[in-house]
Protein chains: 4
Amino acid sequence: MTEKQEKIVSSALRLFAEQGYASTSTSKVAKEAGVSEGLIFRHFKNKEGLLQAILSQGQEKVSHMFRSLESVNDPKEVIRRIIELPFSIEEDQKAFWKLLYALKWQANVYDDTMSIPIKQVLVPAFEKLNYSNPAAEAESILILIDGLAVAVLLRKPEQIGAIKQSILNKYHL
Amino acid sequence: MTEKQEKIVSSALRLFAEQGYASTSTSKVAKEAGVSEGLIFRHFKNKEGLLQAILSQGQEKVSHMFRSLESVNDPKEVIRRIIELPFSIEEDQKAFWKLLYALKWQANVYDDTMSIPIKQVLVPAFEKLNYSNPAAEAESILILIDGLAVAVLLRKPEQIGAIKQSILNKYHL
Amino acid sequence: MTEKQEKIVSSALRLFAEQGYASTSTSKVAKEAGVSEGLIFRHFKNKEGLLQAILSQGQEKVSHMFRSLESVNDPKEVIRRIIELPFSIEEDQKAFWKLLYALKWQANVYDDTMSIPIKQVLVPAFEKLNYSNPAAEAESILILIDGLAVAVLLRKPEQIGAIKQSILNKYHL
Amino acid sequence: MTEKQEKIVSSALRLFAEQGYASTSTSKVAKEAGVSEGLIFRHFKNKEGLLQAILSQGQEKVSHMFRSLESVNDPKEVIRRIIELPFSIEEDQKAFWKLLYALKWQANVYDDTMSIPIKQVLVPAFEKLNYSNPAAEAESILILIDGLAVAVLLRKPEQIGAIKQSILNKYHL
DNA sequence: GATGAATGAGTTTTCATTCAT
DNA sequence: AATGAATGAAAACTCATTCAT
C-alpha cells in the first residue's frame, strides 16, 4: 500500500464510522485524504471495494486480538478476558468497531463470522466449569459483549469500573 | 392520517429498516407505497420529516410498553419484566426497533432518552434488593438489553429460551 | 410522449447520428434538447434506453416503408422499388439511417432483422423471373442496397441519376 | 517498432475494430497489450496518435493490394479483380477494414482517398469496353464494393460463392 | 524504454425536492 | 389531495493524460 492508499483507507474509515457508509460520499473521502477522487477508484475499483479493504484490514487486527486468547488455559481467565474485550478497545480501533457494528444493521451485510472463534473458546470454558448449558452460556456472553460494545462505542459510560465489576460478579470472577 | 399517508409511513419504515435510511430513496418509498413521489413531500415536507413521523408514531407504542411497568411493585418482577422486554418485541414491531437501533450509529442522532424511564424503575428495584451498587446494576441491565435487542432483531437465535433462562439465573429470578 | 421527451429523442438522434453514440454525452443531448440532464434518465432509464427508444421509433417508420411493397405484384416492379429504396430516403430520415448503419459496426449490436422482410419479397420476385439462383440474387440486391445507403448517407453522389440507371440496366429494368 | 509497440498497435486494432474507437479506453488497450498505460502515450503521444499509427500501417498493405492492379491490361480482368477485392480480404486484415468502415460514419473522419486509385483504373476499363457512361459505371462498382465489404466483414455469408457469381454475371465476366 | 501512481475534467446516473395541473 | 413532469445538485465512476522514478 502506498502512502496515499493508506491515507484513503484511514480517512474513509474515520468518515464511514462517523457518518455512516451510505452517507459518506467518495468525494468527501478524497478531500479528507487529500487525493483526487479518481484515485479511490483506481486503487479500490469502487466504493464497495474501499469498504472491503477497510474491513479486511481490520479483520487482521481482530484476529490478532483473538489469537492471544487461545493460549489461556484457566476457564475463568478465559471468560474474564472475553468479557473485558469491549473495555479494551483502543481509541484508534474504535472507528473500525463503530463501522462494523453500524454495518450489522444494513441488510445483506450481516456477518457473524467474528463470533465463531469466541464461541470456540467459550463453550469449552463453561464445560470445564460444569455449567448446565455451556452453549447457551456462551451465547449469553456474546450477547452481553454486543451490549457492552454499544455502550463503550456510543456512550461514554461513567461508572465503567462498577459496571464491569457487577458483570464479573455474575460469573463469580 | 389518511390511508395513503399510512401506506407511505409503513412502506418507509419497512424500507428504512431493511436497507437503511440513507440508502433508501424517496422514489423507492413512493413505489413501494404505490403513491406518487410528490405526495411524500406534500405530507411530510421532506425525507427527514418522514423519518420523524415514523419515529414519533413508534414512540407512542414504546411509551405504552413502559407504562405497564410502573404498576409492578415486586422488585424481582420489575427486573424480570425488563429483561424480558427484548424477547417480547412483536413481529410487526421489529422493523421499528431495527430502524431505531440502526440510527443509533448515525452520528448526531444518538438518543438516550428511551433508557431514562427504565433506569427510573430499575434503580429503586435494585435498592430494595440491597444490591451494593444499584446504579451500576441498572446500567448493566441496560447494556444487556441492548445486546439482547441485537440478538433478537438481527439473528434468529435458536436457543433463545435457554439464553433467557441463563440470564435470569444471574439475577436469581 | 411529452413535448420534452420528443425533444430529447430528436436531439439525441441528430447528435448520435452526427458524432456517434459513444462520443455523444448525455449532457450534450440535454443541452441540445434544452432540458435538464436528469430528465433523460427519468424518461429513458439510461443512455442505452434512450438509444432503444430512438431505434424502435425509427423501426415503425421503416416497417411502414416496407409494407407498401407487399401490395406490388409485378416482380420487375418489386425489384425496381427495392433498388430505389436508398435513393428515396427523405432528408429527415437520414439521421436515423446513419445511426443504424454506424451501429452495425459496433460489436453485439448488429441486427439483421431489417433485411428479412426485403428478402421475403425479393426471392419470390426472382423466382417469377426464372433467375437460376433466386436466393443469391436476393442477397446480391441486399448487398447493393447497403452500398447504396453508404453512398447516399455519407457522400453526395453527383451523378446519382446515371448510377441508378446503370444499376437498373443490370436487371433489365 | 519495438515488440511492445507492435503489441500495442495490434491490440488496439483488435479492440477498436470490435468495440469501436470511442468505446475503447486506452487502459483496455494497455491491459490487452500487457503494457503499462503510460507506454501508449510515450510511443504514440495520445489516443488519436495511436489510431493514426494503426491507419497508416494499414494503408501500406492496402497500397500494395492496389498496386498489383496497375499491371493488368485486359479491362474485363480489371473489373473482375476489383469486384473480387472484398472477397479476398484475408482473415488477419479484417480488423483493419472493420475499423476503417466504422470510422467512415464518424463525422469529419470520412475519407474518400481510397476510392481514387480504383476509379483511375476502372474508368479506362469501362471506356475500353464502350460502356455509355464509364464514370457512372465506375461509381456503381465502388458502391457495390462498399456493400460487399459490409457483407464480408459483418455477416458470414454462406452463399458467398453464388453471390459473387451473380454479380460477375451482371458484367458478363 | 517502461512503469504505475496520480490527476482533473468529464460521464453516466441518482436523488431530494418543486411545481403546474 | 394527488400526480408526474421537471430540475439542479451531487453522487459514483471513467478516462485520457502526466510525471516521478
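Worth saying up front: this structure is predicted, and the values here are computed from it rather than measured. Below, chain A is the first sequence line, B the second, and so on; all start at residue 1.
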Kindly say if [X] contacts the phosphate of [N], meaning a side-chain N or O under 4.0 Å from OP1 or OP2.
X: A:K4; N: E:dT7; value: yes
X: C:T2; N: F:dG4; value: no
X: B:R42; N: F:dA1; value: yes
X: A:S27; N: F:dA11; value: yes
X: D:S36; N: E:dG4; value: no
X: C:H43; N: F:dA6; value: yes

G-U wobble or Watson-Crick pairing nucleotide for [N] (cut-off 3.5 Å, both distances):
N: F:dA9; result: E:dT14
N: E:dG4; result: F:dC19
N: F:dT14; result: E:dA9

If you draw a 6.0 Å radius around NZ in D:K94, do more than 12 non-hydrogen atoms from other residues or ligands fall strictly inside?
yes
Of all heavy-atom pairs between A:L50 and A:V29, which one has the smallest distance, and what is that distance?
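The pair with the smallest heavy-atom distance is CD2-CG1, 4.3 Å.
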In whole angstroms, how far is the [atom2] atom of [N] from the [atom1] atom of [X]?
X: B:L15; N: E:dC15; atom1: CG; atom2: C1'; value: 15 Å
X: A:E48; N: F:dA11; atom1: CD; atom2: C1'; value: 16 Å
X: B:I40; N: F:dT3; atom1: CD1; atom2: P; value: 11 Å
X: C:M1; N: F:dA6; atom1: CE; atom2: P; value: 12 Å
X: C:F16; N: E:dT12; atom1: CZ; atom2: C1'; value: 12 Å
X: D:E37; N: F:dC15; atom1: CD; atom2: P; value: 10 Å
X: C:Q5; N: F:dT7; atom1: CD; atom2: P; value: 12 Å
X: B:K45; N: E:dT18; atom1: NZ; atom2: C1'; value: 11 Å

Going by atom types alone, do A:T26 and A:E37 pair a side-chain donor with an acceptor below 3.5 Å?
yes
Go nucleotide by nucleotide along DNA chain E from the 5' end; which of C:N46 and A:V35 gets its closest nucleotide reached first?
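Of the two residues, A:V35 wins.
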Heavy-atom nearest nucleotide on DNA chain E for A:G38 versus B:S23: which residue maps closer to 5'?
A:G38
Base, sugar-phosphate, or nothing: which does C:S25 touch, judged by heavy atoms less than 4.0 Å apart?
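Sugar-phosphate contact only.
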Here's a test of your reading of the structure: between B:L39 and D:F41, which maps to the more 5' nucleotide of DNA chain F?
B:L39
Position toward the 5' end of DNA chain F (nearest nucleotide), A:T24 or D:K47:
A:T24
With a 4.0 Å cut-off on N to O distance, would you call C:E90 and C:K61 a salt bridge?
no
Distance to the ring centre below 6.0 angstrom and angle to the axis at most 45 degrees; does that hold for A:K47 and A:Y21?
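Verdict for A:Y21: a cation-pi partner in A:K47.
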With a 3.5 Å distance limit and no angle check, can you tell me whether B:K28 reaches the backbone of B:S23 through a side-chain donor-acceptor pair?
yes
